[in-house]
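First comes the structure, then the notes that go with it.
All chains are named by letter (A, B, ...) in the order of the sequence lines, taking the proteins before the strands, and each is independently numbered beginning at 1.
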2 protein chains.
Amino acid sequence: MTRTEASRMSADERRNQILQVAIKLFSRKGFSGTTTREIAQAAGISEAIIFKHFATKSDLYSAILDYKCHEAGLEQSFSLLHEAIGSKNDYEIFYELTLNAITHHEKDPEFLRLLMLSALEGHEFAEMFVRRKIEPLYEILSEYIAQRQKDGVFRNDINPKLIVRAFLGMITHHSMNKLLWDSQQRILKVSDEEAARAFSEILLSGIKKNREENSNVEN
Amino acid sequence: MTRTEASRMSADERRNQILQVAIKLFSRKGFSGTTTREIAQAAGISEAIIFKHFATKSDLYSAILDYKCHEAGLEQSFSLLHEAIGSKNDYEIFYELTLNAITHHEKDPEFLRLLMLSALEGHEFAEMFVRRKIEPLYEILSEYIAQRQKDGVFRNDINPKLIVRAFLGMITHHSMNKLLWDSQQRILKVSDEEAARAFSEILLSGIKKNREENSNVEN
DNA sequence: GTCTATACTAGGATAGAC
DNA sequence: GTCTATCCTAGTATAGAC
């Protein structure tokens, strides 16, 4: 089964190779910024082959997003969450979630790019991803926060969903910055662990009740 | 000087009109997603006129980004900051900055879109904007934070730049979300003031020293 | 300042041979 | 499975008349 370079592949191999090459290009230049010519060239094949595997350029794009959506599912985070939430170890929850997200963004930078680009370009994919992955995440997290507010551990004068937004904002903004600028040492260069620690600390201290507030509460 | 509709304009008027129309389109569909045909159509003129005013499509795009960069300067925030920083009224600083940013993003949604799209597409504009506007903002804010850490008011175990990043992350992520989804009532719908209040509260409480920590500090 | 007409290139997609 | 050749449309850009 040894093979040199781009010689004859099986249909599945070829399809997959095209997918991989196209992911790189679409994630860097967006849908309309990428041509099927480039994709073919980068894959070392003729354009005709692309259209054997994907009826249209749009189909290829959709296939990519679909693929990435499964691969980059937040299932890992979800299970992490469910586990942690039982324990009510707040710091653990936020730290692990953050570190998990940041390292994931790092390992798969194309995903963030594709997501952002497709969102800005108004592709249905982004909306689907939000509906199927982000909204549930909001639900779980904000419910947990609401619970901790009822427990009297978190201050209850902030909308839980706004807390989630603040939290996800820190994370995604940080990842975007890393993706776009930090490689050139612009602005900031820190380890993922340090970032995760900082964000969890800020968020948690930010939403925890002060002890004194706690004691002279009005009802 | 009364005029009906798209009849003969002066060169400057026309140029400006093209700019405005193009801003809308480029911000929605990106550079390569927008055609000069569409722009001409939307402006109610022929393509030839566009090329009378801008040598190439790229030139038009650059002109837009340049224009937006000036218009959307953070000067307002900077002067706001300088004022506030003297007073050391921490909450005021963060709240005003946040509200200012959010309302600005709201008033000029095209700006965020153009910035993000050009950043993702690797256009030099985004990099320039970061260098000229964002980096200075980081400097000012992180210096202020470092000062407050020295004052013993903020905890000093978090990198000031990471704090700035967390802060800007909340804000821009929130604005992006509003831009992309919240109009459809997805996820979250809150007033700008409530969001600004939440973000400033979280951040500030998150980075302030606890009173007890404050008293039994080790050196 | 504006249009119509058009040149020219690039991009998506297909036919048909191997 | 793959290529070459090619079709066709869309896209940028220009010429020249009004």
Side-chain angles (χ1 to χ4, degrees), chain A residues 1-65 117-118 121-123, chain B residues 1-65 117-118 121-123:
Chain A
M1 273 306 201
T2 62
R3 188 199 310 110
T4 34
E5 312 207 305
S7 56
R8 213 176 180 81
M9 291 184 181
S10 79
D12 274 5
E13 282 177 310
R14 185 59 84 193
R15 191 190 139 96
N16 197 52
Q17 188 220 5
I18 294 171
L19 222 49
Q20 298 306 326
V21 167
I23 285 174
K24 275 212 188 91
L25 290 170
F26 280 130
S27 75
R28 278 210 287 271
K29 330 207 310 177
F31 179 72
S32 35
T34 305
T35 69
T36 51
R37 285 234 224 290
E38 287 174 304
I39 297 171
Q41 216 161 2
I45 52 173
S46 71
E47 283 184 83
I49 298 182
I50 293 176
F51 290 103
K52 280 269 188 275
H53 289 275
F54 304 93
T56 66
K57 185 186 170 190
S58 272
D59 279 8
L60 171 54
Y61 191 58
S62 297
I64 284 176
L65 297 178
L117 277 167
S118 67
E121 286 172 344
H123 194 280
Chain B
M1 271 307 196
T2 62
R3 188 199 309 114
T4 34
E5 310 208 305
S7 55
R8 213 175 179 82
M9 289 185 184
S10 78
D12 274 6
E13 282 178 309
R14 184 58 85 191
R15 191 189 139 95
N16 196 53
Q17 187 220 5
I18 294 171
L19 222 49
Q20 298 306 326
V21 167
I23 284 173
K24 273 212 191 93
L25 290 170
F26 279 129
S27 74
R28 278 210 286 270
K29 330 204 313 175
F31 178 73
S32 35
T34 305
T35 68
T36 50
R37 281 231 228 292
E38 287 174 305
I39 297 171
Q41 215 160 3
I45 52 174
S46 72
E47 282 184 85
I49 298 185
I50 293 176
F51 291 103
K52 280 269 188 273
H53 289 275
F54 305 92
T56 67
K57 185 185 168 188
S58 274
D59 279 8
L60 170 56
Y61 191 57
S62 296
I64 284 176
L65 297 178
L117 278 167
S118 66
E121 287 172 344
H123 194 281

How close or far is atom [atom2] of [N] from atom [atom1] of [X], stated in whole angstroms?
{"X": "B:N16", "N": "C:dG1", "atom1": "CG", "atom2": "P", "result": "13 Å"}
{"X": "B:Q41", "N": "C:dT2", "atom1": "CD", "atom2": "P", "result": "17 Å"}
{"X": "A:Y61", "N": "C:dG12", "atom1": "OH", "atom2": "C1'", "result": "17 Å"}
{"X": "B:I50", "N": "C:dC3", "atom1": "CD1", "atom2": "P", "result": "11 Å"}
{"X": "A:I39", "N": "C:dA10", "atom1": "CD1", "atom2": "C1'", "result": "15 Å"}
{"X": "B:F51", "N": "C:dG1", "atom1": "CZ", "atom2": "P", "result": "18 Å"}
{"X": "A:E38", "N": "C:dG11", "atom1": "CD", "atom2": "P", "result": "7 Å"}
{"X": "B:K57", "N": "D:dA13", "atom1": "NZ", "atom2": "C1'", "result": "12 Å"}

Measure from the side-chain N and O atoms of B:K52 to the backbone N and O of B:A11, and report whether any donor-acceptor pair falls under 3.5 Å. no
Nearest nucleotide by nearest heavy atom, which residue falls closer to the 5' end of DNA chain C, A:A48 or A:T34? A:T34
Compare the minimum distances between each of [options] and the side chain of [X], then state the nucleotide with the smallest one.
{"X": "B:A11", "options": "C:dG1, D:dA13, C:dA13", "result": "C:dG1"}
{"X": "A:I45", "options": "D:dG11, C:dT2, D:dC3", "result": "D:dC3"}
{"X": "A:M9", "options": "C:dA13, D:dT12, D:dT2", "result": "D:dT2"}
{"X": "B:T56", "options": "D:dT12, D:dA13, C:dG11", "result": "D:dA13"}
{"X": "B:I49", "options": "C:dC3, D:dT12, D:dT2", "result": "C:dC3"}

Looking at B:Q20, I'd like to know if its CD atom is crowded, meaning that more than 12 non-hydrogen atoms belonging to other residues, nucleotides or ligands lie closer than 6.0 Å. yes
Using the ring of each side chain (for Trp, its six-membered ring), is B:F31 parallel, tilted or perpendicular to B:F26, with breaks at 30° and 60°? parallel
Taking the side chain as every heavy atom from C-beta outward, state whether A:E121 and A:S32 have any atom pair closer than 4.5 Å. yes
Does a side-chain heavy-atom distance below 4.5 Å link B:Y61 with B:S118? yes
Nearest-nucleotide 5' precedence on DNA chain D, A:R37 against A:K52: A:K52
So, OP1 or OP2 of D:dT4: does either fall under 4.0 Å of a side-chain N or O from A:S46? no
Does D:dT2 have its OP1 or OP2 closer than 4.0 Å to a side-chain nitrogen or oxygen of A:R8? no
